[in-house]
Amino acid sequence: MAALIEVRGLIKEYRRGEEGVRALDAVDLDIGLGEFVSIMGPSGSGKSTLLHLLGGLDSPSAGSVTIEGNDLAQMGDEGLTEFRRRRLGFVFQFFNLLPTLSAWENVALPLLLDGGRLRNLRGGAVALLERVGLGHRVDHRPGELSGGQLQRVAIARALMADPVLLLADEPTGNLDSESGAEVLQLLRDCTRDEQRTLVMVTHDAGAAAVGDRTVRLVDGRVA
C-alpha cells in the first residue's frame with residue numbers, strides 16, 4: 001500500500017510556565033492510501049496533537065509531516081489553507097454545524113468558502129445527503145436533527161470537496177451506541193469505496209476496531 005502520510009521524528013513541545021511539556025516525542029508513522037487508522041491512548045497521550053499536526057492546524061517543534069509528497073512545514077500559510085480546503089475533510093465530535101443554515105447549506109459550505117455559488121452547489125450537497133441517508137432532511141436546520149443525523153451532515157460536509165484524507169476527532173463521542181455504529185459504518189464505507197484515507201482519534205476500543213489497524217500512543221510515543 002502506497003504511503004499517503006509519512007511522519008518522521010515528529011516532536012511537539014509546549015511551554016507550561018517555565019517548564020517544557022513534550023506532547024509528541026519522536027513519532028514515526030506511515031499511513032497508506034485508502035487505509036482507515038484508529039489512534040488510541042489515554043488522556044494526554046498526544047492523540048489530538050497528532051491529529052492537529054496531520055491537518056496542518058499546528059506546526060511541529062521538530063520532525064516532519066509529509067502528505068502526498070508535500071512537507072506541510074514547507075507549504076506556508078496560503079499553501080496550507082488551500083491544502084486543507086481541497087485535500088482534507090474534518091469530522092468533529094461536536095459537529096460544528098452553523099445553526100442558521102439548512103443541512104444542504106452546511107454541506108455546501110466548504111465549496112462556498114472556496115468561491116462557489118450557493119445555487120450551483122445544491123445538487124452536489126443534496127446528493128451527498130442522500131448518500132448518508134438524509135435525503136429527506138436536506139432543508140432541515142441543525143436544531144431539527146438528532147445527534148446521529150447531525151454527524152451524518154458533518155460527514156457529508158467533510159466529503160463535499162472530495163478530499164483524499166479524512167480526519168475524525170472522536171466522531172462517536174456524543175452519540176448513542178446505535179447512532180455511533182451507523183456513523184462508523186458510514187466512515188468505513190467512505191474509505192473502502194473511494195480509496196480515501198481516514199485517521200480517527202477515539203477513546204472507544206470498539207470504535208477503533210472498525211479501522212484497518214490501531215496505533216496506540218502513550219506519553220507522546222507510539223507504543
Side-chain angles (χ1 to χ4, degrees), residues 1-12 23-40 46-92 96 107-116 121 124-125 128 131 154-171 184 186-202 208 210-215 217 220-222:
M1 182 181 293
L4 178 77
I5 302 171
E6 297 178 6
V7 175
R8 295 291 180 267
L10 194 62
I11 295 173
K12 182 62 182 180
L24 291 176
D25 189 5
V27 170
D28 291 328
L29 182 64
D30 286 346
I31 297 175
L33 180 64
E35 191 175 15
F36 181 167
V37 175
S38 303
I39 308 290
M40 290 195 70
K47 302 186 303 298
S48 294
T49 299
L50 177 58
L51 202 70
H52 292 164
L53 291 170
L54 293 179
L57 300 174
D58 201 354
S59 56
S61 303
S64 64
V65 176
T66 302
I67 300 179
E68 291 188 302
N70 299 301
D71 184 343
L72 300 191
Q74 304 301 318
M75 295 180 70
D77 290 341
E78 289 187 9
L80 278 174
T81 297
E82 182 173 342
F83 178 73
R84 287 192 297 264
R85 186 179 294 165
R86 299 181 179 177
R87 305 303 288 160
L88 301 185
F90 293 91
V91 181
F92 304 97
N96 290 355
V107 172
L109 193 59
L111 293 190
L112 184 66
L113 294 174
D114 200 30
L121 299 175
L128 281 171
R131 178 182 172 188
I155 292 170
R157 177 187 59 190
L159 295 173
M160 187 64 183
D162 193 24
V164 68
L165 173 61
L166 286 179
L167 300 177
D169 191 359
E170 297 284 359
L184 288 169
L186 182 58
L187 290 171
R188 171 78 276 181
D189 292 343
C190 289
T191 59
R192 283 181 176 162
D193 295 345
E194 300 169 20
Q195 282 293 290
R196 184 178 283 114
T197 299
L198 171 62
V199 181
M200 178 181 72
V201 163
T202 181
V210 176
D212 298 313
R213 64 184 168 111
T214 299
V215 174
L217 292 180
R221 297 184 178 186
V222 176

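Numbers here simply count residues along the sequence, with the first being 1.
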What pair of heavy atoms forms the shortest contact from Pro171 to Leu187, and how long is it? CG-CD1, 4.0 Å
Heavy-atom side-chain contact between Arg157 and Leu111 under 4.5 Å: no
Scanning both residues in full, the closest heavy-atom pair of Pro110 with Met160 reads CG-CB, 4.4 Å
Within this structure, what is the CD1-OG1 distance for the pair Ile11 and Thr49, rounded to the nearest 0.5 Å? 13.5 Å
Using a strict 4.0 Å threshold on nitrogen-to-oxygen distance, state whether Arg196 and Asp189 make a salt bridge. no
Donor-acceptor contact present, side-chain Asp28 to main-chain Gly9, <3.5 Å: yes
Compare all side-chain heavy atoms of Ser48 with those of Asp169 and state whether any distance is below 4.5 angstrom. yes
Start with the C-alpha gap between Leu166 and Thr191, add the side-chain angles, then the distance that decides, and say whether side-chain contact (heavy atoms from CB on, under 4.5 Å) holds. CA-CA 9 Å; Leu166 286 179; Thr191 59; 5.8 Å; no
Please name the pair of heavy atoms, one in Ser38 and one in Ala208, separated by the smallest distance, quoted to 0.1 Å. OG-O, 2.9 Å
Min side-chain heavy-atom separation Phe90-Asn96 under 4.5 Å: no
Give a yes or no on whether Arg221 atom CZ has more than 12 heavy-atom contacts from other residues, nucleotides or ligands under 6.0 Å away. no
Check: Val91 and Met200 side chains under 4.5 Å, non-hydrogen atoms: no
State which residue, out of Leu54, Leu24, Val222, fulfils the side-chain contact (heavy atoms from CB on, under 4.5 Å) condition with Val7. Leu54
Worked verdict on Val201 versus Leu167 for side-chain contact (heavy atoms from CB on, under 4.5 Å): CA-CA 8 Å; Val201 163; Leu167 300 177; over 6 Å; no
Any donor-acceptor N/O pair, Asp58 side chain to Leu53 backbone, under 3.5 Å: no
Got a donor-acceptor contact below 3.5 angstrom from the Arg188 side chain to the Val210 backbone? yes
Could you point out which residue of Thr197, Leu198, Leu4 forms a side-chain contact (heavy atoms from CB on, under 4.5 Å) with Ile31? Thr197
Any non-hydrogen side-chain atom of Leu10 less than 4.5 Å from a side-chain atom of Leu50? yes
Does any non-hydrogen side-chain atom of Leu80 lie less than 4.5 Å from one of Leu72? yes
Pro163 to Gly89 - nearest heavy-atom pair and separation: CB-N, 3.6 Å
Given side chains that start at C-beta, do those of Lys12 and Ser61 come closer than 4.5 Å, heavy atoms only? yes
So, for Cys190 and Ile155, which heavy atoms are closest and what is the spacing to 0.1 Å? SG-CG2, 4.5 Å
Between Glu82 and Met75, does the side-chain contact (heavy atoms from CB on, under 4.5 Å) criterion hold? Intermediate values first, please. CA-CA 10 Å; Glu82 182 173 342; Met75 295 180 70; over 6 Å; no
Heavy-atom pair of closest approach, residues Met40 and Thr214: CG-CG2, 3.9 Å
Do Glu68 and Val164 have side chains that get closer than 4.5 Å, going by heavy atoms? yes
